[in-house]
Amino acid sequence: MKKTLLSAAALAIAVLCVLAGGCSGITDVSNPGESESGQVSTDLSESSDTSAPVLRITAAAATISINQGAELNLLAGVTGTDDVDGNITDRIRVDTADFDPDVPGEYVITYYLTDSDGNEAEPVTRTVTVLNTGVLEEYPIYTGEIEGEILNPDAPTLFGGAWYHKVVSSKDSWVGIEATVTLPEVYIRRYSGEYDDTVGADPDARNLDNPSVYLGGNAGSESDVGLSYSRALVNVNGQVLSTGCIAFRPFWRYITSVNKDEGGYDVHGGEYAVSANGNNCIANYHWRYTKYYYLPGDTLRIIIYIPEPGKMQLQIEVIEVSTLESSVAIRERYGWDDPADFKSPVFAAPGHGTGAAAEYKRVNAIDQEGNEGGTAIVSDTEVIGAVWHSTYLYREIDGVIYRVPMGESRRGVLDAPEADRFTVVANGGDAGAETVSIHPGYAD
């Protein structure tokens with residue numbers, strides 16, 4: 001295995017080289033104990049210092065994840081000190097081993113430090129996981145009859161406390177789902193206290209209605225993945241969050257008694273946080289990534305992918321960026337990045353991918369704060385014009401995974417709690433194309 005030792009002095013060059021595909025012939029430019037003539041001195045007779053320097057790496061920096069191709073500061077969170085020399089972080093040498101930010105995988109990077117008297121610190125390591133950011137390629141479409149398929153599923157059971165349009169499959173040999181959707185316009189009109197009703201969503205007031213667009217799966221326990229209207233940065237440089245929700249951001253929720261992945265942003269390298277209430281886990285990606293802010297008019301392909309038995313992943317592919325005047329304006333006003341493809345960490349989803357029958361769903365909802373399981377509150381909040389262009393279930397047929405259109409015979413539908421508070425217009429085709437609007441304050 002090729003190993004490269006880098007001093008802090010050479011690190012800037014090294015990072016550029018790594019990102020460019022690697023540079024040959026990089027050597028340590030500040031090797032302690034080397035004279036100007038290049039000869040290594042072993043004479044320590046004039047020094048009585050035998051204390052080793054200390055290398056430290058913060059807990060948050062010891063295990064991190066980066067997206068494929070992303071830049072990584074190899075010295076972030078790493079310091080070196082000595083009782084005689086003081087701060088000698090600039091003398092740290094880095095063994096990058098085979099680290100390549102363009103190749104997904106897990107890498108171990110090792111750090112070394114020597115003081116001016118030749119004493120060696122105990123090496124430290126960090127683990128870097130390079131995430132595969134490529135979104136799943138589209139499977140071929142299957143339109144024939146499927147032997148033994150369970151058709152015409154029942155409508156789902158009502159669960160109170162929210163306004164939602166839910167479309168569910170049968171519980172059958174499905175192995176995932178994808179849907180392409182143009183995100184709806186949002187007009188939140190229920191807040192804690194006063195709010196500005198001249199805007200769709202007031203960034204300075206705490207909203208009590210919370211729109212969401214998501215997919216879900218159940219192979220014995222429920223998992224939901226998708227986008228929830230959330231707080232977002234109104235000052236990128238100062239990392240200041242809005243008070244109210246103003247952008248759709250990724251979330252994933254799952255039920256498991258093992259591998260909960262529980263912990264705050266600090267535990268997950270500053271990337272995401274997972275909170276657990278018993279076995280019910282919910283995760284959110286960090287707000288600092290404005291490229292994962294999605295807005296009304298953005299067209300996205302949302303995917304539930306089962307990478308291995310008992311595991312699930314949310315994937316989002318950006319098909320088209322919104323040209324709605326309001327969405328263009330908010331991105332410009334706050335300096336947000338253009339939206340990018342997203343992949344969540346792989347998380348526990350018991351039963352999926354094991355051969356167990358699974359049910360999948362897609363949902364438009366207005367959730368209500370503190371009201372889960374209760375009676376949905378009538379409000380003037382509206383979520384208008386979510387366009388589902390297509391929905392496909394995944395199924396393995398003769399050893400090949402196909403996309404199977406989720407048409408009329410493969411779906412049960414519930415508009416809850418009052419069907420006349422929804423406007424649902426079928427858009428034709430056999431893949432469940434429709435436009436959905438939710439308006440709890442008035443009947444259609």
Side-chain angles (χ1 to χ4, degrees), residues 134-143 153 164-169 174-186 211-217 224-229 247-251 292-305 313-328 338-343 359-366 382-395 401-415 422-439 444:
V135 174
L136 186 70
E137 293 186 4
E138 292 181 337
Y139 295 126
I141 296 175
Y142 189 90
T143 58
Y164 61 91
H165 173 77
K166 179 186 289 188
V167 178
V168 300
S169 75
W174 308 116
V175 292
I177 186 173
E178 70 168 61
T180 299
V181 61
T182 298
L183 296 178
E185 296 187 67
V186 173
S212 57
V213 174
Y214 62 96
L215 306 179
D224 296 325
V225 305
L227 301 168
S228 176
Y229 219 55
F248 288 100
R249 287 175 43 210
F251 79 94
Y292 302 138
Y293 291 0
Y294 305 103
L295 293 176
D298 288 340
T299 300
L300 310 171
R301 175 174 165 241
I302 305 176
I303 302 163
I304 284 183
Y305 174 56
Q313 184 179 54
L314 162 64
Q315 299 187 6
I316 299 172
E317 180 182 11
V318 178
I319 304 299
E320 186 175 349
V321 179
S322 178
T323 57
L324 288 176
E325 184 177 346
S326 57
S327 294
V328 171
D338 288 336
D341 295 351
F342 173 82
K343 291 175 72 172
E359 173 189 274
Y360 288 92
K361 65 185 178 183
R362 64 166 170 81
V363 183
N364 298 81
I366 300 175
E382 297 183 65
V383 180
I384 304 297
V387 182
W388 295 99
H389 301 276
S390 61
T391 305
Y392 293 99
L393 298 160
Y394 293 166
R395 193 179 185 109
I401 297 180
Y402 288 94
R403 291 182 295 159
V404 180
M406 195 176 181
E408 289 300 317
S409 64
R410 294 190 173 104
R411 47 190 257 155
V413 181
L414 175 66
D415 292 317
F422 297 80
T423 302
V424 181
V425 179
N427 295 336
D430 61 356
E434 62 184 15
T435 300
V436 179
S437 297
I438 310 175
H439 38 79
D444 183 9

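- Under the side-chain contact (heavy atoms from CB on, under 4.5 Å) criterion, E138 pairs with R301, R403, sequence neighbours left out.
- Contact record, S322 with V328: O-CG2, 3.8 Å, taken as the closest heavy-atom pair.
- Interatomic distance, L393 CG to E178 CD, rounded to the nearest 0.5 Å: 10.0 Å.
- Using the six-membered ring where Trp is involved, Y394 and Y139 have ring planes that are perpendicular, over 60° apart on the 30 and 60° scheme.
- For the atom pair CD1 of I303 and CG of D341, the computed distance is 9.0 Å after rounding to the nearest 0.5 Å.
- The two residues P184 and A386 have their closest heavy-atom pair at CB-N, 3.6 Å.
- We find the OG1-CD distance between T423 and E382 to be 9.5 Å, quoted to the nearest 0.5 Å.
- Smallest separation of non-hydrogen atoms from V175 and Y360: C-OH, 3.6 Å.
- Remark: Y229 pairs with F248 by the ring pair (Phe, Tyr, Trp, His ring centres under 6.0 Å) rule, at least two apart or across chains.
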* Kindly determine whether R362 and I302 satisfy side chain to side chain contact (heavy atoms under 4.5 Å, CB included), including the steps that lead there. => CA-CA 10 Å; R362 64 166 170 81; I302 305 176; over 6 Å; no
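- Side-chain contact check for T435 versus V424: every heavy-atom pair is 4.5 Å or farther apart.
- We find the CG-CD1 distance between L314 and I304 to be 8.0 Å, quoted to the nearest 0.5 Å.
- Taking both residues in full, the closest heavy atoms of A433 and G428 are given as CB-O, 3.3 Å, listed atom of the first, atom of the second, then distance.
- At least one side-chain heavy atom of Y392 sits under 4.5 Å from a side-chain heavy atom of P405.
- The shortest side-chain heavy-atom distance between V404 and W174 falls under the 4.5 Å cut-off.
- Between the S228 side chain and the S212 main chain, no donor and acceptor come within less than 3.5 Å of each other.
- Side-chain atoms of L300 and V213, non-hydrogen and from C-beta on, never get closer than 4.5 Å to each other.
- Counting heavy atoms from C-beta on, the side chains of I438 and Y164 never come closer than 4.5 Å.
- Under a 3.5 Å cut-off, the side chain of Y294 and the backbone N or O of A340 do form a donor-acceptor pair.
- Residues V383 and N364 form no side-chain contact, since every pair of their non-hydrogen atoms from C-beta on lies 4.5 Å or further apart.
- Using a 4.5 Å heavy-atom threshold, the side chains of L227 and P250 count as touching.
- Considering OG1 of T391 and CD of E434, their distance stands at 7.5 Å, rounded to 0.5 Å.
- Smallest separation of non-hydrogen atoms from S327 and P296: OG-O, 2.7 Å.
- The closest side-chain heavy-atom distance from D430 to E408 is not below 4.5 Å.
- Rounding to the nearest 0.5 angstrom, the gap separating the CD atom in Q313 from the CZ atom in F342 is 8.5 Å.
- Counting only distance, with no hydrogens or angles, the side chain of D224 and the backbone of G216 share no donor-acceptor pair below 3.5 Å.
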* To do: Determine, step by step, whether R410 and S169 satisfy the side chain to side chain contact (heavy atoms under 4.5 Å, CB included) criterion, reporting the C-alpha distance in whole Å, the side-chain angles of both residues, the deciding distance to 0.1 Å, and the verdict.
  => CA-CA 6 Å; R410 294 190 173 104; S169 75; 6.0 Å; no
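- For the 3.5 Å distance criterion, the side chains of Q315 and E317 fail to qualify, holding no donor opposite an acceptor.
- Closest approach of W388 and V363 over heavy atoms only: CZ2-O, 4.0 Å.
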